[in-house]
> 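Following this message is one structure expressed as structure tokens.
Residue numbering restarts at 1 for every chain, and letters A, B, ... go by the order of the sequence lines. Since the structure is predicted, the reported quantities are computational estimates derived from the model, not experimental observations.
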Protein chains: 2
Amino acid sequence: MEYTSVDPPALVSQLDMPLEKTKPRTRIQKQNIAAIMDAALEVFSANGFRGSTLDQISQAAGISKPNLLYYFNSKQAIHVQLLSELLDVWLAPLREMDPQGDAQVELMAYVRRKLELSRNFPRESRLFANEIVQGAPRIEGFLKNDLKSLLDEQAKVIRTWMDDGKLARLDPYHLIFSIWAMTQHYADFDAQIRMVRADQITDSHDGAEEFVESVFRKILAP
Amino acid sequence: MEYTSVDPPALVSQLDMPLEKTKPRTRIQKQNIAAIMDAALEVFSANGFRGSTLDQISQAAGISKPNLLYYFNSKQAIHVQLLSELLDVWLAPLREMDPQGDAQVELMAYVRRKLELSRNFPRESRLFANEIVQGAPRIEGFLKNDLKSLLDEQAKVIRTWMDDGKLARLDPYHLIFSIWAMTQHYADFDAQIRMVRADQITDSHDGAEEFVESVFRKILAP
DNA sequence: AAAAAATTTTACCATTCGGTAAAGTTCAGC
DNA sequence: GCTGAACTTTACCGAATGGTAAAATTTTTT
């Protein structure tokens, strides 16, 4: 499994996670842990947790399997680390939606931020998609607590916007789901889009931003 | 792994696929092959190909592993069989879109058929999603040939509808992708929707049909 | 430059996994 | 109710997989 992604940088490359508790990472640790996280992202996002092997990850990271296990105690540990870093970033765009701002502007900005994530961090998106499609057993807590509270909160905000006549009257939950669906689709189903348009485009996201934005402008119009 | 799905029936339950070439399936064969296909659908859709084991499948089918391998020569063979039956069905709704019909009516009917598949055959949808998210290595031929030709064809039809002023002028490919995204989302990301709305709804598809239909009515309006 | 700490390699191991051989059992047609 | 075919079970096997022990090497600190 070859991968040489440097641009855009992996979401997870500059982490500093303790090997034990709060030791001050050496040069070699930083380097190897970053390589492992990037390799793990590559492998897990392409094969899911059960479908990925430590051999694949260690090979992609350019180190031996026992050496990899010197930095992380288990396959699970790598996966947990990867997800926990991702989830914060995944939540950010929704969190940034400002109740004080203009309804249209805020929601369109949210759509745009999600489209950016989809374009710049497709592996992260697929890592997440793999988890969800397979029943989300390892991020149940995140979904039921963190994401749920934030979603409920922002759904309320959207509802007040609608009450004020700033937006079309729609179910706020389904509205957000539809944003998730349409933005993530280009990253998660990238393979399908590329294969089905092989002769017409090289960039699977080609035209996606304009299309999705124009569609949501229409949907949101009061 | 328990599963007792009888309603709706699995898309694959009434198949008659030859063990060798064209033998006339016995009673026991029909029964066991159907059980295997249903079990395989359950397991593969929940874990992906590499993440699934023959032990899981044989246990879910209620037979021993060697007995399972009496009916299918390999894990691959089960998976191929499952996918090849699914793909026909998956293509049908798009194929049914009639160039002679009314643009709005035809496209809205397409949306409705896709929503029905999502609601009635979520496992099949997730089986497909698993394949695509992981790079679609086993259905490349289908995507590049069958799906691509049909998509190109129907994109042309949509374009003539737009030229005739029956629809808003949009990129037909992105329009179809958006239908795929929004309809399949409810099946593929079912786990997320359920967890995030655990206290509010029991049916993850609750309100989805109305929402998606109303959104596409808006999008399509000239 | 010696000692201590951190890192890497070598050589394993137990379990799981996909798959096979062959004996045993059940079933359908006569 | 006998016979051949269909089906099922038992007992395996080799490869892959997650993981460990401990020796060997490199790096950092003193």
> Could you tell me how far apart B:Ile63 (CD1) and D:dT10 (C1') are, to the nearest whole angstrom?
16 Å

> Checking contacts here: which listed nucleotide (C:dG18, D:dG18, C:dT8) is nearest the side-chain heavy atoms of A:Lys65?
D:dG18

> Please state how far atom CG in A:Asn73 lies from atom P in D:dG19, giving the value in whole angstrom units.
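So the CG-P distance, A:Asn73 to D:dG19, works out to 9 Å.
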
> Does C:dT7 have OP1 or OP2 under 4.0 Å away from a side-chain N or O of A:Tyr70?
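Checking A:Tyr70 against C:dT7: at least one side-chain N or O falls below 4.0 Å of OP1 or OP2.
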
> Taking the side chain of A:Tyr71 as heavy atoms from C-beta outward, which of C:dT8, D:dT17, C:dG19 is closest to it?
C:dT8

> Please examine the side chains of B:Leu117 and B:Pro93, heavy atoms only from C-beta on, and report whether any two atoms are closer than 4.5 Å.
yes

> Grab the CG-P distance between A:Leu54 and D:dG19 for me, whole Å please.
6 Å

> From C-beta outward on B:Asn67, which listed nucleotide comes closest to its side chain: C:dT7, D:dT9, C:dC17?
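For the B:Asn67 side chain, the nearest candidate turns out to be D:dT9.
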
> Classify the nucleic acid contact of A:Ser58 as base, sugar-phosphate or nothing, counting any heavy atom under 4.0 Å across all strands shown.
nothing

> Give the rounded distance in Å between these two atoms: NZ of A:Lys30 and P of D:dT28.
12 Å

> Main chain of B:Arg194, side chain of B:Ser204: is a donor-acceptor contact present, judged purely on distance under 3.5 Å?
no

> So, OP1 or OP2 of C:dA6: does either fall under 4.0 Å of a side-chain N or O from A:Gln29?
no

> When you measure only distances, ignoring hydrogens and angles, does the side chain of A:Lys75 come within 3.5 Å of the base of D:dG19 through a donor and an acceptor?
no

> Is B:Asn32 close enough to D:dT8 that one of its side-chain N or O atoms is under 4.0 Å from OP1 or OP2 there?
yes

> If each of B:Thr53 and B:Leu69 is mapped to the nucleotide of DNA chain C with the nearest heavy atom, which maps nearer the 5' terminus, i.e. the 5' end?
B:Thr53

> Could you state the CD-P distance from A:Gln59 to D:dG18, rounded to the nearest angstrom?
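Whole-Å distance recorded here is 13 Å.
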
> Rounded to the nearest angstrom, tell me the gap between atom CZ in B:Phe49 and atom P in C:dC17.
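Atom CZ in B:Phe49 sits about 14 Å away from atom P in C:dC17.
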
> Would a 4.5 Å heavy-atom cut-off, applied to side chains only, mark B:Glu209 and B:Tyr186 as touching?
no

> Is it true that B:Asp152 and B:Lys148 make a salt bridge, defined as a side-chain N closer than 4.0 Å to a carboxylate O?
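A salt bridge links B:Asp152 with B:Lys148.
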
> Taking only N and O in the side chain of B:Ser64, is any of them less than 4.0 Å away from OP1 or OP2 of D:dT8?
no

> Without decimals, in angstroms, what is the distance between A:Asp55 CG and C:dT9 P?
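Checked: the CG to P distance equals 14 Å.
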
> Out of D:dT9, C:dG19, C:dT8, which nucleotide sits closest to the side chain of B:Pro66?
D:dT9

> Has B:Arg50 got a side-chain N or O lying under 4.0 Å from the OP1 or OP2 atom of D:dT17?
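So the side-chain polar atoms of B:Arg50 do come within 4.0 Å of the phosphate oxygens OP1 or OP2 of D:dT17, strictly under.
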
> Give the rounded distance in Å between these two atoms: CD of A:Gln31 and P of D:dT28.
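After rounding, the gap between these two atoms is 11 Å.
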
> Between A:Arg123 and A:Asp38, is the closest basic N to carboxylate O distance under 4.0 Å?
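A salt bridge links A:Asp38 with A:Arg123.
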
